[in-house]
Number of protein chains: 2
Amino acid sequence: MLERKPRPTIREENEKALLEAAERVFAKHGFAGATTAAIARNAGMPKANLHYYFATKEGLYRAVIERVLNAWLNAASSFDASEDACEALSAYICAKMDLARAMPLASRIWSAEIMRGAPIIQDFLDTTLSQWVAKREAAVRRWIAAGKLKPIEPKVLFYMIWATTQQYANAAHEIATLNGGEPLDDAAFERAKRQVVATILGGVAA
Amino acid sequence: MLERKPRPTIREENEKALLEAAERVFAKHGFAGATTAAIARNAGMPKANLHYYFATKEGLYRAVIERVLNAWLNAASSFDASEDACEALSAYICAKMDLARAMPLASRIWSAEIMRGAPIIQDFLDTTLSQWVAKREAAVRRWIAAGKLKPIEPKVLFYMIWATTQQYANAAHEIATLNGGEPLDDAAFERAKRQVVATILGGVAA
DNA sequence: ACGTCATTTGACCATCTGGTCAAACCTATA
DNA sequence: TATAGGTTTGACCAGATGGTCAAATGACGT
């Protein structure tokens, strides 16, 4: 009867540990620089065990990317939180800032993948992301037509939002260095978030 | 008499070819993913020849980074082009946009190095960059005090400028995908540049 | 207790990589 | 043309890496 057994707690736990370890190692060393031995050690198991759960390094990488993708889509949905231009943009920028802070490793892996030319996630760019952009582009154009926003190429706005928010994950080390060697604390980060929102909205609100 | 011979054209030519090839390969595959064999092939010479000019892969990488650093410093100097806040910021943003377009490989290598935690250029962050930021931070605060700019943490502004401009190099592939598969042509890029300048200035000008 | 299936692991392998080396090959100057 | 110093290159090496395998161990329903 091929019942879906609610069984596999061991498998679930090990796969989760491996995915988390992989996220750490891929984020720090990149795809090529990460070794399966390092990932396995980081997850507290011998290398052969890693290959029992994930046949190939690329397969593991794909699995990590999928988690990242879901986080991205989740944050992206906050764009639709409101019909009001400023509210929608604020919510979206805040969501992306929070994502960068909560999941810096995922953000870095994502950026590295994009920088490599998206060899793994090209189809996501071609399908889901293209559709997401097309739909929100239309919303932005409507807001412009309604006089809510200054006339701007919507994509330019998206790229600015993506880049600026991800900067707080990608360049966390540089930012820490310029912050006296310490990462931004919560207060400083919240201040930065407010100022990013204010600056971008100030730049595009009509 | 130890005269400086105007001789070494062979050495100069080969080192240049290697540095350019290394820039391409490092930009595409990252430090770990780049192989000295691939770089040498890309420069049109056998691997042993590469190691004759650059003893180690890391030494070659350092040399590439140094070129990138000079480009960065060169663009950074345009911040001081004017005493006027808007003029200075415009000039700086334009210079960084042009840099991203003219040297996308260098930009990507730079970002990758920052994302890795700047293992090679940490001392640059600690010294030159810190000083650069401190000085321009003071300029921004003066402009704010003079009522030229809205009150903003200067670093937040710098991070936004750095991230947004570099986006056009780092995410060139993603941008091309969302542009129908074609990279931005000169006209589209100039339009984007103007809108980036206008949006950031609109966001911070008082 | 038994049998079956999932899990664990050390040993192993082919391949790749950064780097070495010595011999061969210029090129120019005395 | 002899000689010296820069340059080129194929062959080579030690170590690392992704991945395999078979044997051992554990979990669990019957």
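Since this is a predicted model, take the numbers as computed values, not measurements. In the text below, chain A, chain B and the rest are named by the order of the sequence lines, each starting its count at 1.
- No engagement by A/A32 is indicated, since no non-hydrogen atom pair under 4.0 Å with the nucleic acid exists.
- Spacing between atom CD1 of B/I39 and atom P of C/dC16 amounts to 18 Å, rounded to whole angstrom units.
- A/N49 has its CG atom 18 Å from the P atom of D/dA22, to the nearest Å.
- Within the 4.0 angstrom heavy-atom criterion, no nucleotide atom of any strand lies near B/F54.
- Taking atom CD of residue B/E15 and atom P of nucleotide D/dT7, one finds them 9 Å apart after rounding to whole Å.
- Ring planes of B/W162 and B/W132: tilted class, angle from 30 to 60°.
- Atom NZ in B/K47 sits about 14 Å away from atom P in C/dC21, given to the nearest Å.
- Here D/dG10 presents its C1' atom at 16 Å from CZ of B/R41, a figure rounded to the nearest Å.
- Distance CZ (B/F31) to C1' (C/dT17): 12 Å, rounded to an integer number of Å.
- Judged by distance alone with a 3.5 Å cut-off, no donor-acceptor contact links the side chain of A/K57 to the base of D/dG19.
- Contact of the B/F31 side chain with the B/K57 side chain is registered, since non-hydrogen atoms from C-beta on lie closer than 4.5 Å.
- Contact check, B/R11 against D/dG6: no side-chain N or O comes under 4.0 Å of OP1 or OP2.
- The distance from atom CG of A/L60 to atom P of D/dG18 is 11 Å, rounded to the nearest whole Å.
- Fit an axis to the five pairs at each end of the helix from C/dA1-D/dT30 to C/dA30-D/dT1 and the two axes sit 0° apart, to the nearest 10 degrees.
- When heavy atoms are screened at a 4.0 angstrom cut-off, A/A34 is found touching the sugar-phosphate backbone but no base atom.
- Taking the six-membered ring where the residue is Trp, A/W110 and A/F124 present perpendicular rings, their angle passing 60° and hence far from 30°.
- Aromatic ring pairs are classed by plane angle as parallel below 30°, tilted from 30° to 60° and perpendicular above 60°; the pair A/F79 and A/W143 is tilted.
- In this model, the phosphate group of D/dG6 is not approached by any side-chain N or O of B/N14 to a distance below 4.0 Å at OP1 or OP2.
- Rounded to whole Å, atom C1' of D/dT7 lies 7 Å from atom CD1 of B/I10.
- Looking only at side-chain heavy atoms (C-beta outward), A/E190 and A/K193 come within less than 4.5 Å of each other.
- OP1 or OP2 of D/dT7 has at least one side-chain nitrogen or oxygen of B/Y52 nearer than 4.0 Å.
- The number of heavy atoms from other shown groups lying within 6.0 Å of NZ (A/K150) is above 12.
- Comparing A/A55 and A/G33 along DNA chain D, the residue whose closest nucleotide (by nearest heavy atom) sits nearer the 5' end is A/G33.
- Mapped onto DNA chain D by nearest heavy atom, A/A48 and B/Y53 fall at different nucleotides, with B/Y53 at the one closer to the 5' end.
- Remark: B/E58 engages B/R62 in a side chain to side chain donor-acceptor pair (under 3.5 Å) (not counting sequence neighbours).
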